[in-house]
Amino acid sequence: MSRITFTLPDGKDLELEAGWPYGEAVRTIGEGLLRNAVAVTVDGVHHPLDEAAEMGGEMLVITKASEEGLDTLRHSTAHLLAWAVQELFPDVKFAFGPNIENGFYYDFDREEPFSESDLERIEAKMTELARTKVGLTREIATPERAKEIFADQPYKLEEIEALGDVELSVYRMGSFTDLCRGPHVPGSGEIKAFKLLSVAGAYWKGDSDRPMLQRIYGTSFWKKKDLTAHLEMLEEAKKRDHRKLGRELDLFGIMEEAGPGLSYWFPRGDMVREQIIEYWKRVHRANGYRTVTTPHISQAALWETSGHMEFYKENMYVFEQDDRPYVVKPMNCPGHILMYKRKTRGYRSLPVRYAELGTVYRAELKGTLHGLMRVRGFTQDDAHHFCTPEQLGDEVDLCIELVKEIMGAFGFDDFKVELSVRDPENKGKYAGTDEEWAMAEASLVAAIEKHSLPYTREEGEAVFYGPKIDVKLVDAIGRTWQTSTIQFDFNLPRRFGVTYTDADGQEKYVYMVHRAIMGSLERFIGILTEHFAGDFPLWLAPEQARVLSVSRDQHEYAEKVAADLRAMGLRVEADTRDEKIGFKIREAEVMHVPRMLVVGGREAESGEVALRVRHEGDQGARTVEAVAEDLLDAVRNRA
RNA sequence: GCCCACGUAGCUCAGUCGGUAGAGCACUUGCAUGGUAAGCAAGCGGUCAGCAGUUCAAAUCUGCUCGUGGGCUCCA
C-alpha cells in the first residue's frame, strides 16, 4: 500500500494510507476536529469525509463553526429540498440550487406553480427524508457518464455541455442525484433545523430571454436555536417595515392615484426629512462643498452629449416642448458639469466641489419598485469633485471621512466596503486610460486603508466609466444596506470637454468624482425608519414632545407650556382634547412621541410638568426649564 | 417587463355553497372632566380596485386593466 501526503494550512504534513477515507486524516489531527468537520478540500477540490483518498495535496478541513461550514449545510439542505420535490412531484426538472447569503434556494421547472400548501408538504417530506440519515456521496463522472445520469434533465445537460470536457462531480443523497461541485455535509442526518420561506419566479440563469422557473427559498442552521433566532429576526424586520411604519406614524406613503414609485411626504415625515437636509447641508459647507441647485428638466441635447440619450433612454422621461425633446433629469452630473464649465478653470482653483440634494426621476421597471427603497422619483445627496490628479487622494479621503461622519451621526458605525475594479480580461469596454485607472484605484485603496476599513476587491464589478467604492452599513438588526458610493468618471469629462489649465499652461481633463453618502434621501429615511423601528432620536423626531392636560382646567396651561417650548426651537404639540389622560398617553405612545409632558392640577399649580419618557415611563415632576434643557441638550448631541 | 400571490370603510380584518355587505379602531354628535397605554352611547362612512363576460342573480366564477407584495431582471 502506498502512502499519500497532505499539507495542512499551518505547513505541517500529514500522511495517510492511500484508499483510506479523508475522515481518517482529519481524525489524525484530532477527534474533536473530526466531530466538527463537514468535508475537506484538497487542492481546492471538495471531498466527503468518507470518500477514499487517492491523492495528496493541500488539505483544508471545513468545520461546522466556519462560514463555509454553514454554507455547506445550506447547500446540502437545497439538495434535500430537491429530493423532497422529486419524491412529491416526479415530473419536475431541476435547475440550480445554491446556498445564498442567509439560506439557500432551488430552481425548478414545473408546469403547475407551487402553492403555500405545497411548501408545507415539501417541508414535511424533507423532515421525513432527513431522518432516513442517508449519506451524501460523491462520484466522479466524465461528461459522457454525466449525460447518461442526467438524460432526462435538460438543465443539467445544458450545464454539462457548458462545462465542456472536464471531470465532473455528482452527489447522491438517497434517490436524488445532482450535478454538483460540493462540498456537502456527510449525510442527511446533519440537516435538522431548516425552514422553507417563499416561492418566487426566477429566470434560468437570470436571463429574461430564458424560461421562467420556480424558485423555492429556505434557510437552514446547525441548531434549532439559531433557526428560531433567524426567524425571529425576520419577524422583527416585518414589524419594522418602513411601509407599515410610514403609514402608522403618518410619515410618508405612495399614492395609488398618483402612480407607482412616487413618494409623498406628509407633515411628520417631511419634518424628519428637513432635519436631515439641514444637517447634511451644514456638514457639507463645513467641509469645503458649495451647494447648488439645478433644474428638473433640460433639453435632450444635454443628454445627447452625456450619452444618456443613447444608452439610458429607456430609463428616462422624455417629452416635447417647442418642438424639441426635453428630459426629466435622471442624474445631476451634467448640470454640475455645466456649472463647472461656465468659467475657465486653472489648477489653483481646484478642487471644485458641488453638492446638491437633487431630485431625479428614473423610469425603473414596475416590478422592481418597493416602498421607498426602490422608487421612480428620488433625491440624491449628490456631489461632484473636479480636481487634478495630484488631488485625487485627498478628495477620496474627504469622501470617506464624510461617510463616517454622516453615517455616525445616525448611529451607524459598522461598514462593509467594496472596491469595484475593471475586468482585467476585457479592458476594451471601459473609458479612460490604463494610467488613469491605476491612479484612481490606488487613491481609492489608499483612502480605504488610511481609515482602516476592511474591504473586498470585486474584479469586473466597476462601471464602464471608472472604478468605485461602495459602502454598506449594518443596521440595528444586522441587515446590510448599500448606501454610499464613490465613483471615478473618465467618461463625462471627455464628452463635455471638462478641463483646467495646469501649471505648465496645458489644458488638461479634470478628474471627476461622483459621490453620494445617503444615496437616496427617500430610501435612507426608509432605512432609518426600520433601523430605529420608528423611534427616531430626538434630533430627528417629528414631534419631540407632547403636552397632555389631565382635565379641562389645565388646557390653557398645557397650551402655554407647549408654546414656551416651541419658542425655544423645540417641536412640541399640546393635546387639550376632553379625553382621559390614559387615552392621550396611549395615542402619544402609538405615534412614538419620545417625551410626554403630563400636566394636571398639581403641575399647573407648581408651574411644572410630569415627565413621561417613551419606553421608560413616568419620571415624576420637573420644571419646564429642566425638561427644555434636557431636550435641547439631546438635540445638540444628536441623541 | 416576466412568474406567483393578493386587492372588501381612512386603518386592521370577517364575509359559508353565487342570493346586491359586517366588526373593531378612526371620524361626527351627545354624556362624562377623568392622574400615566383604549370612558359610555348614538350616528356617518363601501359602485367590494376598475372594466367586460357567464348567470334569473357576482364581493364570490372567467377574462382583461390598474395597484400592492415576494422574487427574477435592470441599475448606461
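Order of the sequence lines sets the chain letters (A, B, ...), proteins ahead of strands, with each chain counted from 1. Note that this is a predicted model, so its numbers are computed, not measured.
Comparing the P positions of B:G45 and B:U36 gives a spacing of 38 Å, expressed to the nearest Å. Taking the C1' atoms as reference points, B:G50 lies 10 Å from B:G67, given to the whole Å. Nucleotides B:C56 and B:C13 are separated by 37 Å at their P atoms, to the nearest Å. Rounded to whole Å, the separation between the P atoms of B:U12 and B:C66 comes to 24 Å. Separating the C1' atom of B:C75 from that of B:A14 is a span of 43 Å, rounded to the nearest Å. Comparing B:U8 with B:G22, their C1' atoms sit 10 Å apart, to the nearest whole Å. B:A58 and B:C48 have their P atoms separated by 12 Å, with the value rounded to a whole Å. When the C1' atom is used for both B:A59 and B:C51, the distance is 16 Å, rounded to whole Å.
Proximity note for A:P260 (side chain, C-beta onward) versus B:U12, B:U68, B:U36: the nearest is B:U68. The side chain of A:E256 sits closest to B:G67 out of B:G67, B:C72, B:G35. The listed nucleotides are B:U68, B:C4, B:U36; the one nearest the side chain of A:D618 is B:U36. For A:I581, counting side-chain heavy atoms from C-beta on, the closest listed nucleotide (B:G35, B:G71, B:C4) is B:G35. Taking every side-chain heavy atom of A:R243 into account, B:G69 is the closest of B:G69, B:A37, B:G35. Minimum atom distance to the side chain of A:K580 is reached by B:G39, of the listed B:C3, B:G39, B:C4.
A:H242 and A:E530 share a side-chain donor-acceptor pair at under 3.5 Å.
Distance A:M255 CE to B:U68 P: 13 Å, rounded to the nearest Å. Look at CG on A:L196: it is 17 Å from C1' on B:A5, rounded to the nearest Å. Note: NZ (A:K366) to P (B:G71) measures 18 Å, nearest angstrom. Atom CG of A:D250 is separated from atom P of B:A26 by 15 Å (rounded to the nearest Å). Per the geometry, CD belonging to A:E248 stands 20 Å off P belonging to B:A37, to the nearest Å. The CD-C1' distance, from A:E608 to B:G35, rounds to 15 Å in whole Å. The nearest whole Å value for the distance from the CD atom in A:E111 to the P atom in B:C3 is 13 Å. Atom-to-atom, NZ of A:K584 to C1' of B:A26 comes out at 18 Å; the value is rounded to the nearest Å.
Contact annotation for A:A610: base contact, defined as any heavy-atom pair under 4.0 Å involving a base atom. Here A:R602 lies in heavy-atom contact (under 4.0 Å) with a base. Residue A:R612 is in base contact, counting any heavy-atom pair closer than 4.0 Å across all strands shown. Within 4.0 Å (heavy atoms only), A:L369 reaches sugar-phosphate atoms of the nucleic acid but no base atom. As judged by a 4.0 angstrom heavy-atom cut-off over every strand, A:G519 is placed among residues making no nucleic acid contact. Among the atoms of the strands shown, base atoms are found under 4.0 Å from some heavy atom of A:E603. Counting any heavy atom pair closer than 4.0 Å across all strands shown, A:G259 reaches no nucleic acid atom.
No donor-acceptor distance shorter than 3.5 angstrom exists from the side chain of A:R324 to the backbone of A:E320, with no hydrogens or angles considered. A:E436 places a side-chain N or O within donor-acceptor distance of the main-chain N or O of A:T433, the cut-off being under 3.5 Å.
When base pairs are accepted only as Watson-Crick or G-U wobble with both N-N or N-O distances under 3.5 Å, RNA chain B takes part in stems of 3 or more pairs at B:1-7 with B:66-72, B:10-13 with B:22-25, B:27-31 with B:39-43, B:49-53 with B:61-65.
Looking at A:K205 and A:E159, a side-chain N of the basic residue comes within less than 4.0 Å of a carboxylate O on the acidic one, giving a salt bridge.
A perpendicular orientation is assigned to the rings of A:H79 and A:H75, their planes being inclined by more than 60° (bins at 30° and 60°). Taking the six-membered ring for Trp and thresholds of 30 and 60 degrees, A:F89 and A:F114 have ring planes more than 60 degrees apart, a perpendicular arrangement.
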Would you list the protein and nucleotides 73-76 of chain B atom pairs, both N or O, that sit under 3.5 Å from each other?
unit_1, atom_1, unit_2, atom_2, d
B:C74, O2, A:R374, NH2, 3.4
B:A76, N6, A:N491, ND2, 2.1

>> Run the ring pair (Phe, Tyr, Trp, His ring centres under 6.0 Å) test on A:Y217 and A:Y105 for me, step by step, so that the C-alpha distance in whole Å, both residues' side-chain angles and the decisive distance to 0.1 Å come before the verdict.
In response: CA-CA 4 Å; A:Y217 284 92; A:Y105 67 76; 5.7 Å; yes
> So A:Y106 and A:F108, ring pair (Phe, Tyr, Trp, His ring centres under 6.0 Å) or not? Walk me through it.
Replying inline: CA-CA 7 Å; A:Y106 208 109; A:F108 304 98; 5.0 Å; yes
> How far apart are the C-alpha atoms of A:F524 and A:W481, what are their side-chain angles, what is the distance that settles it, and do they pass the ring pair (Phe, Tyr, Trp, His ring centres under 6.0 Å) test?
Replying inline: CA-CA 9 Å; A:F524 188 65; A:W481 303 92; over 10 Å; no
>> Under the criterion ring pair (Phe, Tyr, Trp, His ring centres under 6.0 Å), I'd like the reasoning laid out for A:F194 against A:F221: C-alpha separation, chi angles, the key distance, then a yes or no.
In response: CA-CA 6 Å; A:F194 58 88; A:F221 292 88; over 10 Å; no
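Residues A:I585 and A:D241 each lie close to RNA chain B; by heavy-atom proximity, the contact nearer the 5' end of the strand is made by A:I585.
By the 4.5 Å heavy-atom criterion applied to side chains, A:R422 and A:K427 are counted as neighbours.
Residue A:H370 places at least one side-chain N or O closer than 4.0 Å to OP1 or OP2 of B:G70.
Geometrically, A:R523 does not engage A:F378 in a cation-pi contact, judged by NZ or CZ lying under 6.0 Å from the ring centre and within 45° of the ring axis.
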